[in-house]
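So you know, we letter chains A, B, ... as the sequences are listed, proteins then strands, and number each from 1.
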Protein chains: 2
Amino acid sequence: MKPASSSSSSSASRAPRRKAGTHTIHDVAALAGVSAITVSRYFNAPEKVSAAARERLKEIVDRLGYVPSQMAGGLASGRGRVVCAVMQNIASSTFADLVNGMTDELKASGLQLLLANAQYSRELEESAIRTFAGWHPSALILTRDDHTPAAEAMLQALHIPVVEAWGLVEGRPFHQVGFPHPEAGVQLAEHFLAQGATRIRFVLPRASQDFRAEQRAAGYRQAMQAAGLPPDVAVAEVDDDYEAGARAMAAHAAQAPAARPQALVFANDNMAAGAILEAPSLGLALPRHAAIAGFGDAPISVRLRPALTTLRPARYEIGQQAARRVLGLLAGARNEAAAATRTLVPCTLVVRDSSRVGR
Amino acid sequence: MKPASSSSSSSASRAPRRKAGTHTIHDVAALAGVSAITVSRYFNAPEKVSAAARERLKEIVDRLGYVPSQMAGGLASGRGRVVCAVMQNIASSTFADLVNGMTDELKASGLQLLLANAQYSRELEESAIRTFAGWHPSALILTRDDHTPAAEAMLQALHIPVVEAWGLVEGRPFHQVGFPHPEAGVQLAEHFLAQGATRIRFVLPRASQDFRAEQRAAGYRQAMQAAGLPPDVAVAEVDDDYEAGARAMAAHAAQAPAARPQALVFANDNMAAGAILEAPSLGLALPRHAAIAGFGDAPISVRLRPALTTLRPARYEIGQQAARRVLGLLAGARNEAAAATRTLVPCTLVVRDSSRVGR
DNA sequence: TTGTACGCGTTATCAT
DNA sequence: ATGATAACGCGTACAA
């Protein structure tokens, strides 16, 4: 079976390409006695297909177990039915709740959520965005607002909706859903200031971690200065949050009672939990010897003794709203240059026993 | 955007399809003075491209910010560069660790991990598998072994590696990585039996939750019966694990001391934590009034007082091994009918203060 | 080591 | 409401 034509390799039959093994839209179309495009419309715009055809197609699709190829569809339409999200720490319950909110909201739309974990690193975020670019996503959801210049350039070049979820800052070119983290620091500081405390310490996790925590610390600083009091920010020396909290408590116990801060604001609930759990073995009775507050409203917080006062961000709702914004932007695709919107999903201060300032 | 089409103004039949807006492999090829296939090889098999071409291509790819289209590549090659995983509860730290293990292991391979959340429901798992089928994944990772018949059929029809991670049972047609959960129940029961305890209670979360917990309970039952003792399994009446643990402890306190179980095995660490945190307000001193053990080794467990004895599954490692098995199967693609393998990643019993049986 | 020709399965466009 | 045709961007097979 050599190609007879020695000259320009003409119509010589090539080896048939290996089939993917699954059914294609043409199999379905042939069985239903319609053309492929009708099957396509059956999936993408059922109302444009006659009821009769719809019924026959449903039966055949079910029988064959046919599932449209996302890759072929994405290639043909120029956009993948994918929303990509870059989280900072998949293992934390915070981001898990965000993801749940997004997933639930996107479920009905047929959009698949693609996740990446950047571990609080801008460089990893950039790399994730680059990877995602290959999927031609319909939209992108990020969880920070200080991208690398390269990442920022890619975001502009993609020409798709970009939503920054979790924080809320001014002057960004992208849509945002979340709350201003400095404001959260202010809220916590004022909770203690209102009780007449004058020595309030803010405890940060070890550097190079959650940059949001530092924004909250900045808010705390500002509130202290506004009250004419000296800010007092301590930074943990260990990575484990519980351990860091426990050590902060030990440092507290080591100070002379009169010099001790009256209140400790921890950058997150895990640190605060570590502190509360450690207190008894240090001979400290809470909240008398130290009023405590955290951030995040972890599930454990209400169980601690004393129960932990904390700030509760609406995590699930932020994920949901971010996804909803994406869907809205995709639907009303026209408003290209529409101004970036900012959606506030506020935190709630949850006051429990741990934050009663001793007198 | 320059028209990449070589055929010029002939047969102006149709409107040019809207471009995706990004660069294509041909843009890169043209700038480098090579053909498209060379660019393709530069990405997929760099060693087959001359060093000179490689260097020029690197420069151009960087300058353009070109990223190959996953959809076009997947469509052309018949398999997407995607591994799909169905988790049962994304919000739990258990599954987060699994995901981290998988992600890290897959990172270098260029395979993208697609996640779905089935919330302990077989039906949702089936639906996730159906959705995933449209992506023509290279492999599938699941976290249960009791799929619906329809799901099972799809798994067979996909003709791709399937790995069941987390549990380990006999007689399954798919590869497995994990540990036998009943065995975990046995381990915990025996830890208390070895201390001479005769009244040991197992506390399950509310029904319709984690079916693995019930497998562990079955192991506990078996160990008790083997020791000639009556099993005592309590089932929680509330969904919140902490609350369930607290209530179990209250029920314990309400019993006459002589009739109380000497030891409580909780189906997970969250329940155990709820119990330990509640004990002081019930007037119970642990472990004297109740020896406690959990399962999972949550981060909080070592912080509790008394610190919680628990079983530590190597979650990250299970995720990693599952991904590694996938990569192995994809590399040595030949062994189609190779027998399903089972990889044991054992649990470690972590003994702390909470489980000392009072005498 | 590099290039040519073709088709992967779907949807956009135009036509009926 | 339905169909014919031509892409979408890339990788496989084969040739040089």
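In this structure, of C:dC8, D:dT2, D:dT12, it is C:dC8 that holds the atom nearest to the side chain of B:Leu75. For B:Ser50, taking side-chain heavy atoms from C-beta onward, the closest of the listed nucleotides D:dG3, D:dT12, C:dT1 is C:dT1. With D:dC8, C:dT4, C:dG7 as the choices, the nucleotide that has an atom nearest any side-chain atom of B:Ala76 turns out to be C:dG7. Candidate nucleotides D:dG11, C:dT10, D:dG3 were compared by shortest atom distance to the side chain of A:Ser69, and C:dT10 ranks first.
For A:Thr341, the side chain to side chain donor-acceptor pair (under 3.5 Å) criterion is met by A:His175, A:Arg325, not counting sequence neighbours. With sequence neighbours excluded, no residue forms a side chain to side chain donor-acceptor pair (under 3.5 Å) with A:Ser138. A search for side chain to side chain contact (heavy atoms under 4.5 Å, CB included) contacts involving A:Val67 returns B:Arg130, B:Ala133, not counting sequence neighbours. For A:Ala128, the side chain to side chain contact (heavy atoms under 4.5 Å, CB included) partners at least two apart in sequence or on another chain are A:Val86, A:Ala116. A:Glu152 meets the side chain to side chain donor-acceptor pair (under 3.5 Å) test with A:Arg172; sequence neighbours excluded. The side chain to side chain contact (heavy atoms under 4.5 Å, CB included) search around B:Thr131 returns A:Gln112, not counting sequence neighbours. With sequence neighbours left out, A:Asn100 forms a side chain to side chain contact (heavy atoms under 4.5 Å, CB included) with A:Asp97, A:Tyr316, B:Ile90, B:Ala91, B:Asn117.
Atom pair B:Gln70:CD and D:dC10:C1' shows a separation of 11 Å (rounding to whole Å applied). Remark: C1' of C:dG7 and CE of A:Met71 are 15 Å apart, rounded to the nearest angstrom. When the P atom of D:dT5 is taken as reference, atom CD1 of A:Ile37 falls 14 Å away, rounded to whole Å. As rounded to whole Å, 15 Å separates atom P of D:dC8 from atom CZ of A:Arg79.
Taking a 4.0 Å limit (strictly below) on heavy-atom distances, residues 24-33 of chain A reaches DNA chain C at A:Thr24, A:Ile25, A:His26. Within residues 40-49 of chain A, the residues that have a heavy atom under 4.0 Å from DNA chain D are, in order of number, A:Arg41, A:Lys48, A:Val49. DNA chain C is contacted by no residue of residues 52-65 of chain A, taking any non-hydrogen atom closer than 4.0 Å.
End-to-end axis angle of the helix from C:dT1-D:dA16 to C:dT16-D:dA1, from C1' rotation axes over five pairs per end: 20° (rounded to 10 degrees).
Relative ring orientation between A:Phe95 and A:Trp166 is described as tilted, the plane-to-plane angle lying within the 30° to 60° band.
Looking at which nucleotide of DNA chain C each of B:Val34 and A:Tyr66 is closest to, the 5′-most match is held by B:Val34.
When the side-chain nitrogen and oxygen atoms of B:Ser77 are compared with OP1 and OP2 of D:dT12, none of them lie within a distance under 4.0 Å. An OP1 or OP2 oxygen of C:dG3 is reached within less than 4.0 angstrom by a side-chain nitrogen or oxygen of B:Ser35.
Proximity of a side-chain donor or acceptor of B:Arg56 to a complementary backbone N or O of B:Val34 within less than 3.5 Å is not detected.
Residue pairs that meet the salt bridge (charged side-chain N to carboxylate O under 4.0 Å, His left out) test with at least one member in residues 102-120 of chain A, sequence neighbours left out, are A:Asp104-A:Lys107, A:Glu105-A:Arg324.
Other residues, nucleotides and ligands contribute over 12 non-hydrogen atoms within 6.0 Å of the CD atom of A:Gln156.
When each of B:Leu155, B:Asp145, B:Val163, B:Leu142 is checked for a side chain to side chain contact (heavy atoms under 4.5 Å, CB included) with B:Phe174, only B:Leu155 meets the rule.
B:Glu126 and B:Thr148 are linked by a side-chain donor-acceptor pair at a separation below 3.5 angstrom, with hydrogens and angles left out of the test.
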- Task: Determine, stepwise, if the pair B:Thr343 / B:Gln321 fulfils side-chain hydrogen bond (donor to acceptor under 3.5 Å, both in side chains).
- Result: CA-CA 8 Å; B:Thr343 306; B:Gln321 297 265 19; 5.6 Å; no
